[in-house]
*Asks:* 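Have a look at the structure that comes next, please.
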Amino acid sequence: MIIVGSIAILCGLLLLGVSVHLAFGAILVYLAYMGGHDVAGYLPTGHWKMNSVVLLAIPLFIIAGGIMEKGRIAAPLVALAELFIGHIKGGLSAATVLASGIFGSISGSANATLTCIGGIMMPHLRKANYPQGQSAALIVSAAPLGLLIPPSASHILYAWVAQQSVLRAFLSTVIPGLILITLLIVVNQFMLRKHKDIKLEQRPENFNFEFKKRGLKAFPALMMPVIILGGIYGGVMTPTEAAGVAVIYAIPVAIYIYRGLTWKTFRETVLNSGITIGVVMAMIFMVLIVSRFLIFEDIPAIAEEFVYSVSEDPIMILLMVNLVMIIIGMLMDDISGILLSTPLLLPIVQGVGMDPIHFAAVLGVNLGMANITPPTAPLLYLGSKVTDTSVDKMLKPTLMFIFFAWLPTLVLTTFIPELALYIPNLLLN
């Protein structure tokens with residue numbers, strides 16, 4: 001009964017728009033006064049678990065993402081992509097998806113990817129007569145690529161909770177991310193077939209000169225993921241050290257090369273990032289304590305027993321687990337979703353033979369899709385503000401992208417383990 005009450009309080013407060021960390025705090029108060037639990041006894045555990053060098057990478061990546069967002073680092077990447085495919089019908093849309101993947105690999109954040117790429121690309125798409133609702137929906141649907149293309153702050157957290165290799169968790173979503181990029185472009189092209197008034201960009205007469213010009217301008221931005229990922233996978237840096245290098249590298253690039261950031265706006269960016277970091281860390285602390293309670297009360301074992309009582313078929317079990325993850329992702333952000341889903345669902349999927357690294361990829365795709373899935377869909381509402389497009393216009397094309405791009409990616413990732421395990425095994429074995 002206490003568990004049912006806790007779930008009801010959590011869902012009710014989240015649906016009312018209460019912040020995640022405050023909603024979990026309300027659960028702790030409920031447990032303390034109604035359940036006879038000594039919540040204070042869990043506080044040292046939460047503090048001890050958060051005292052981790054691995055977790056330090058998350059605030060560093062948040063700062064790096066904020067610097068890149070304000071520093072116009074994405075603009076030359078978009079210009080370079082437009083050079084190759086801007087003259088093709090649907091080329092600007094494809095450039096949007098590709099830019100989201102590249103920027104996501106730098107920032108590791110869906111929100112930063114949506115804000116930055118949406119702010120840059122939406123005026124271009126509107127000027128070229130691309131359908132506004134569909135274009136905004138595509139920007140929103142591509143934003144969670146920041147969760148799939150490494151490095152990803154969410155997968156750092158997953159590896160920390162599940163006690164798995166951070167590098168393997170990073171690499172598990174590479175192939176699913178590439179599949180999603182391809183499907184988003186293909187589905188969007190199909191949806192554009194009836195739009196005859198789209199204006200195409202003229203291909204430059206001196207293509208080689210323009211390529212060198214734009215390539216040289218984009219080179220510092222392109223080097224950032226090379227330095228970060230090369231350092232991590234080459235064994236030169238840990239993910240935390242790479243996050244620190246990302247911050248150090250992004251500052252002079254944003255200020256002196258792309259001139260989108262000044263020392264005054266840098267201070268504002270750091271302060272805004274500090275607020276975000278504070279919220280994220282408070283949220284992690286609260287969810288950690290609730291997760292500790294779930295483990296102490298043996299809730300994962302109870303959930304596993306319930307699932308097996310419904311069906312012992314591995315396919316049905318995986319479908320139920322996916323459904324639970326989608327519901328969790330619809331109610332909260334990716335970080336909270338990972339903290340809650342991992343201790344609860346990992347024992348269940350391991351019981352049907354799923355590798356924890358395979359589960360990292362499935363979890364990433366699930367939470368990414370859930371963040372754009374109505375009725376809650378936090379990225380959908382943020383995208384409405386960024387692109388200045390009503391949610392009503394975005395709803396139908398967003399559902400198209402969910403059903404024909406995200407959902408097939410989820411099914412393939414869930415039932416073909418090699419898609420998640422091939423690259424980690426190839427590079428790290």
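Residues take their numbers from the sequence shown, with the count starting at 1.
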*Asks:* Just wondering, do M394 and S384 contact through their side chains at under 4.5 Å, heavy atoms?
*Replies:*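 The answer is yes; the side chains approach within 4.5 Å.
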*Asks:* When you look at I277 and I63, which way does the side-chain contact (heavy atoms from CB on, under 4.5 Å) test go after all the steps?
*Replies:* CA-CA 9 Å; I277 291 165; I63 295 172; 3.8 Å; yes
*Asks:* Applying ring-ring contact (aromatic ring centres under 6.0 Å, His included) as the test, list every pair that has at least one member in residues 178-214; sequence neighbours left out.
*Replies:*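 Those involving residues 178-214 are F84-F207, F84-F211.
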*Asks:* Check whether any side-chain heavy atom of Q350 sits under 4.5 Å from a side-chain heavy atom of P356, and report yes or no.
*Replies:*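 The answer is yes, as the side chains (C-beta and beyond) meet within the 4.5 Å cut-off.
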*Asks:* Looking at every non-hydrogen atom in both residues, tell me the closest pair between L171 and P424 and how far apart they are.
*Replies:*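 Minimum heavy-atom contact is CB-CG, 3.7 Å.
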*Asks:* Does some side-chain heavy atom of V386 sit less than 4.5 Å from a side-chain heavy atom of M122?
*Replies:*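 Of all side-chain heavy-atom pairs linking V386 with M122, none is under 4.5 Å.
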*Asks:* Sorted by first residue and then second, give each salt bridge (charged side-chain N to carboxylate O under 4.0 Å, His left out) pair with at least one member in residues 392-407; sequence neighbours left out.
*Replies:*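 Residue pairs with at least one partner in residues 392-407: there are none.
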*Asks:* Please name the pair of heavy atoms, one in T413 and one in L419, separated by the smallest distance, quoted to 0.1 Å.
*Replies:*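 In this case the closest contact between T413 and L419 is N-CD1, 4.1 Å.
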*Asks:* Nearest 0.5 Å, what's the CG-CD1 distance between N272 and I62?
*Replies:*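 Output value for this atom pair is 12.5 Å.
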*Asks:* With a 3.5 Å cut-off and sequence neighbours excluded, list the donor-acceptor pairs that the side chains of residues 91-102 form with protein atoms.
*Replies:*
from: S93; atom 1: OG; to: N188; atom 2: ND2; distance (Å): 3.2
from: T96; atom 1: OG1; to: L92; atom 2: O; distance (Å): 2.9
from: S100; atom 1: OG; to: T96; atom 2: O; distance (Å): 2.9

*Asks:* Knowing that exactly one of L180, I402, N322 qualifies, which makes a side chain to side chain contact (heavy atoms under 4.5 Å, CB included) with L410?
*Replies:*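 Among the candidates, only N322 passes.
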*Asks:* Would you give the length of the straight line joining atom OG of S154 to atom CZ of F170, rounded to the nearest 0.5 angstrom?
*Replies:*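 With rounding to 0.5 Å, OG (S154) is 10.0 Å from CZ (F170).
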*Asks:* Just wondering, more than 12 heavy atoms not from R72 lying within 6.0 Å of its CZ?
*Replies:*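 No, not enclosed.
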*Asks:* Can you tell me how far the OG atom of S273 sits from the CZ atom of F266, to the nearest 0.5 Å?
*Replies:*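 The OG atom of S273 sits 9.0 Å away from the CZ atom of F266.
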*Asks:* State whether the side chain of N371 and the backbone N or O of L379 hold a donor-acceptor pair below 3.5 Å, judged by distance alone.
*Replies:*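 Side chain of N371 to backbone of L379, a donor-acceptor pair under 3.5 Å: no, none is there.
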*Asks:* Compare every heavy atom of P343 with every heavy atom of I338, then report the nearest pair and how far apart it is.
*Replies:*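 For I338 versus P343, the nearest heavy atoms are O-CD, 4.3 Å.
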*Asks:* I'd like to know whether L339 forms a side-chain contact (heavy atoms from CB on, under 4.5 Å) with W160, so could you lay out the CA-CA distance, the side-chain angles of the two residues, the decisive distance to 0.1 Å, and finally the verdict.
*Replies:* CA-CA 10 Å; L339 286 170; W160 174 65; 4.3 Å; yes
*Asks:* How long is the gap from CG on L178 to OG1 on T173, to the nearest 0.5 Å?
*Replies:*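 One gets 9.5 Å once the value is rounded to the nearest 0.5 Å.
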*Asks:* Would you name the heavy atoms of P397 and M191 that are closest together and state the gap between them?
*Replies:*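 Minimum heavy-atom separation between P397 and M191: CB-CE, 3.7 Å.
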*Asks:* Starting from the C-alpha separation in whole Å, work towards a yes-or-no answer on side-chain contact (heavy atoms from CB on, under 4.5 Å) for Y130 and L138.
*Replies:* CA-CA 11 Å; Y130 280 80; L138 180 66; over 6 Å; no
*Asks:* Check the pair M223 / V253 against side-chain contact (heavy atoms from CB on, under 4.5 Å), numbers first and verdict last.
*Replies:* CA-CA 11 Å; M223 282 303 295; V253 168; over 6 Å; no
*Asks:* In the structure I gave you, are the side-chain heavy atoms of I232 and L167 within less than 4.5 Å of one another anywhere?
*Replies:*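 I232 reaches L167 side chain to side chain.
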*Asks:* With heavy-atom distances below 4.5 Å as the criterion, would you say the side chains of P176 and L412 are in contact?
*Replies:*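 Of all side-chain heavy-atom pairs linking L412 with P176, none is under 4.5 Å.
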*Asks:* Report yes if the side chains of V324 and I328 come closer than 4.5 Å at any heavy-atom pair, otherwise no.
*Replies:*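 Yes. Closest side-chain heavy atoms under 4.5 Å.
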*Asks:* So does K89 have more than 12 non-hydrogen atoms from other groups sitting under 6.0 Å from NZ?
*Replies:*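 Above 12, so yes.
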*Asks:* According to ring-ring contact (aromatic ring centres under 6.0 Å, His included), does anything in residues 373-419 pair up with another residue at least two apart or in another chain? List the pairs.
*Replies:*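 As it turns out, there is no ring-ring contact (aromatic ring centres under 6.0 Å, His included) pair with a partner in residues 373-419 once direct neighbours are skipped.
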*Asks:* Would you check if I175 and E418 make a side-chain contact, meaning some heavy-atom pair closer than 4.5 Å?
*Replies:*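 They are not in side-chain contact.
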*Asks:* Quick check: does any side chain N or O of T265 sit under 3.5 Å from a backbone N or O of L261, one acting as donor and the other as acceptor?
*Replies:*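 It does not hold such a pair.
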*Asks:* What I'd like to find out is whether the side chain of Y158 reaches to under 4.5 Å of the side chain of S341, using heavy atoms alone.
*Replies:*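 No, side chains not in contact.
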*Asks:* Ignoring hydrogens and angles, tell me if any N or O in the side chain of Y258 forms a donor-acceptor pair with the backbone of A221 under 3.5 Å.
*Replies:*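 Here the side-chain-to-backbone pair exists.
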*Asks:* Using the side chain to side chain contact (heavy atoms under 4.5 Å, CB included) definition, which of the options L344, V362, L340 pairs with M325?
*Replies:*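 Among L344, V362, L340, the one that satisfies the side chain to side chain contact (heavy atoms under 4.5 Å, CB included) with M325 is V362.
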*Asks:* Keeping H155 on the side-chain end and A360 on the backbone end, is there a donor-acceptor pair under 3.5 Å?
*Replies:*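 Yes, because the side chain of H155 sits within donor-acceptor range (under 3.5 Å) of the backbone of A360.
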*Asks:* Should we count CZ of R259 as having more than 12 external heavy atoms under 6.0 Å?
*Replies:*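 Result for CZ/R259: open.
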*Asks:* Search all heavy atoms of I357 against all heavy atoms of S165 and return the closest pair with its distance.
*Replies:*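 For I357 and S165, the tightest heavy-atom pair comes out as CD1-O, 4.3 Å.
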*Asks:* Calculate, to the nearest 0.5 Å, the distance between atoms CG and OG belonging to L399 and S141 respectively.
*Replies:*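 So the gap between those two atoms works out to 9.5 Å.
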*Asks:* List the residues meeting side-chain hydrogen bond (donor to acceptor under 3.5 Å, both in side chains) with R214, not counting sequence neighbours, and say none if there are none.
*Replies:*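 Result, side-chain hydrogen bond (donor to acceptor under 3.5 Å, both in side chains) vs R214: E210.
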*Asks:* Output the distance between atom CD (Q134) and atom OG1 (T398), rounded to the nearest 0.5 Å.
*Replies:*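 Between Q134 CD and T398 OG1, I get 10.0 Å after rounding to 0.5 Å.
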*Asks:* Can you see which heavy atom on G177 is nearest to which on I149, and at what distance?
*Replies:*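 What the structure gives for the nearest pair is CA-CD1, 4.0 Å.
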*Asks:* Is the number of heavy atoms from other residues, nucleotides or ligands within 6.0 Å of CD1 (I315) greater than 12?
*Replies:*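 Not buried by this count: 12 neighbours or fewer within 6.0 Å.
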*Asks:* Name all residues meeting the side-chain hydrogen bond (donor to acceptor under 3.5 Å, both in side chains) criterion together with T389; count only those two or more places apart in sequence or in a different chain, and write none if there are none.
*Replies:*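 For T389 the side-chain hydrogen bond (donor to acceptor under 3.5 Å, both in side chains) partners, ignoring immediate neighbours, are Q132, T387.
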